[in-house]
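Every heavy atom of this structure was used, including side-chain atoms; hydrogens, water molecules and symmetry mates were not.
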Amino acid sequence: MFTSLSSQVEGAIEMVDLLRKQYPSAKILVAGHSIGAWMALKVLKERPQVAAVFLLFPTISDLANTPNGIKLAWLFWPISAVIAAFFAPFLGLLPLFVFKTIFPQWPISQLLVLKEMLLCSSAVTAALRLARDEMASVKTLDIALLQYNSSKLYSYYAKKDDWIGVEKDAVVNVLGRSERVHEDNTDTPHAFCITEHHSQRVADQCSLWLSRGGFTNYYRK
């Protein structure tokens, strides 16, 4: 089943509205990873009552012209997506060690998820269609939104990230070189959530932002 980017933004806005209704005195924070950071900014634009936004490895403008966007553009063409969806189930039948060879850093659990996804041609079709939607939707960087809400924004960048283009410098210039902009100089990848130790590293930084931003009474001992 295909769910468009705009419908996902609408769903996130509905969730914020629901939380505000149920917890009127609470501070609501929105976090987004990769294209989710673009969605989080859309939520902030529509609901300025949001107290803060965590932009994790943010892909928030000109997605088609990022290094990976350029490299993989052919895969998102309609005809390419049809061909990929046809052959994907055959790739999913390959033995696990082949996937481990291609993605040596991935844990077995994630490799199994990838195999299962490839076995479902409709899932592959939906994923590639969504990617095409993202390429068409994520264009101009909303500098005015960033400037107006700069005190609410926190950004996490990897040392190397081919899903982020030249917008990084513009975002850092708006937010300034402060503790709200974290530039990870380790090996943490864009897809950090695949491995536990990378996930923990990002979680620790988010926890630090929560504490220093006064959003929680929890402090690490």
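Aromatic rings of Tyr157 and Phe57 (six-membered ring for Trp) have centroids beyond the 6.0 Å cut-off, not under it.
Tyr156 and Leu208 are assigned to two separate hydrophobic clusters, defined by single-linkage of ILVMFWY side chains at heavy-atom distances under 4.5 Å. Residues Trp74 and Val82 do not share a hydrophobic cluster, defined by chaining ILVMFWY side chains whose heavy atoms lie under 4.5 Å apart. One hydrophobic cluster, built from ILVMFWY side chains closer than 4.5 Å, cannot hold both Val166 and Leu145; they sit in different ones. In terms of hydrophobic clustering, with Ile, Leu, Val, Met, Phe, Trp and Tyr side chains grouped at heavy-atom distances under 4.5 Å, Leu112 and Ile102 are assigned to a common cluster. Under the 4.5 Å side-chain heavy-atom criterion for ILVMFWY residues, no single connected hydrophobic cluster contains both Leu96 and Met117.
In terms of modelled atom types and a separation under 3.5 Å, the side chain of Arg180 and the main chain of Ser155 share no donor-acceptor contact. Although no hydrogens or angles enter the test, the distance criterion places no donor-acceptor pair under 3.5 Å between the side chain of Ser80 and the main chain of Phe76. At least one donor-acceptor pair closer than 3.5 Å links the side chain of Lys115 to the backbone N or O of Gly92. Listed for the Ser199 side chain is a donor-acceptor partner under 3.5 Å among the backbone atoms of Thr195.
Side-chain contacts under 4.5 Å among hydrophobic residues (ILVMFWY), followed directly or transitively, place Leu119 together with Leu93.
Remark: Lys152 NZ is packed, more than 12 non-hydrogen atoms of other residues, nucleotides or ligands lying under 6.0 Å away. Within a 6.0 Å radius of CD in Gln22, other residues, nucleotides and ligands contribute more than 12 heavy atoms. Under a cut-off of 6.0 angstrom, the local environment of CZ in Phe103 is crowded, with over 12 non-hydrogen atoms contributed by other residues, nucleotides or ligands.
The shortest side-chain heavy-atom distance between Leu41 and Leu146 falls under the 4.5 Å cut-off. Residues Trp38 and Leu5 have side chains in contact (heavy-atom distance under 4.5 Å, counting atoms from C-beta outward). Under the 4.5 Å side-chain criterion, counting only non-hydrogen atoms from C-beta, Leu44 is not in contact with Val30. Between Trp163 and Ile35 the shortest side-chain heavy-atom distance does not fall below 4.5 Å. Residues Arg132 and Pro78 form a side-chain contact, since some pair of their non-hydrogen atoms from C-beta on lies under 4.5 Å apart. Leu29 is not listed as a side-chain neighbour of Val50, based on a closest heavy-atom distance of 4.5 Å or more. With contacts defined as side-chain heavy-atom distances shorter than 4.5 Å, the pair Ile194/Pro107 qualifies.
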Audit row: Lys139, Glu134, salt bridge (Lys or Arg N to Asp or Glu O under 4.0 Å) steps and yes/no: CA-CA 9 Å; Lys139 295 290 188 180; Glu134 293 171 352; over 6 Å; no
Candidate pair Thr66 and Asn68, rule side-chain hydrogen bond (donor to acceptor under 3.5 Å, both in side chains), full reasoning: CA-CA 5 Å; Thr66 62; Asn68 278 345; over 6 Å; no
Side chain to side chain contact (heavy atoms under 4.5 Å, CB included) between Leu18 and Glu14, worked out: CA-CA 6 Å; Leu18 179 61; Glu14 290 176 3; over 6 Å; no
Residues Leu118, Phe99; criterion side chain to side chain contact (heavy atoms under 4.5 Å, CB included); working and verdict: CA-CA 12 Å; Leu118 290 173; Phe99 290 87; 3.6 Å; yes
Test side chain to side chain contact (heavy atoms under 4.5 Å, CB included) applied to Ile60 and Val171, step by step: CA-CA 10 Å; Ile60 56 178; Val171 174; 3.7 Å; yes
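Between the CZ atom in Phe97 and the OG1 atom in Thr101 there is a gap of 6.5 Å [rounded to 0.5 Å]. Note: Leu55 CG to His182 NE2 = 14.0 Å, rounded to the nearest 0.5 Å. Once rounded to the nearest 0.5 Å, the distance linking OG of Ser151 with CG of Asn149 reads 7.0 Å. One finds the CD atom of Glu46 at 10.0 Å from the CG atom of Asp17 (value rounded to the nearest 0.5 Å). Taking CG of Leu19 as the reference point, atom CD of Gln49 lies at 13.0 Å (rounded to 0.5 Å). For the atom pair Arg212 CZ and Leu210 CG, the distance stands at 12.0 Å (nearest 0.5 Å).
When every heavy atom of Gly176 is checked against every heavy atom of Val181, the shortest pair comes out as O-CG2, 3.4 Å. Closest non-hydrogen pair, Gly69 versus Met135, comes out as CA-CE, 3.7 Å. Counting all heavy atoms, side chain and backbone alike, Ile28 lies closest to Arg20 at CD1-CG, 3.1 Å. The minimum heavy-atom distance linking Cys206 with Leu56 is given by the pair SG-CD2, 3.9 Å. When all heavy atoms of Trp209 and Phe215 are compared, the pair lying nearest together is O-CD1, 4.0 Å. The two atoms that bring Ala170 and Leu141 nearest to each other are CB-CD2, 3.7 Å, heavy atoms only.
Under 3.5 Å, the side chains of Ser4 and Ser7 contain a donor-acceptor pair of N or O atoms.
Ring geometry for His33 versus His190: interplanar angle of 30 to 60°, hence tilted.
Considering only residues two or more places apart in sequence or on other chains, Ser137 meets the side-chain hydrogen bond (donor to acceptor under 3.5 Å, both in side chains) condition with Asp133.
With Asp187 as reference, Arg201 is the one residue of Lys160, Arg201, Gln105, Lys159 to meet the side chain to side chain donor-acceptor pair (under 3.5 Å) rule.
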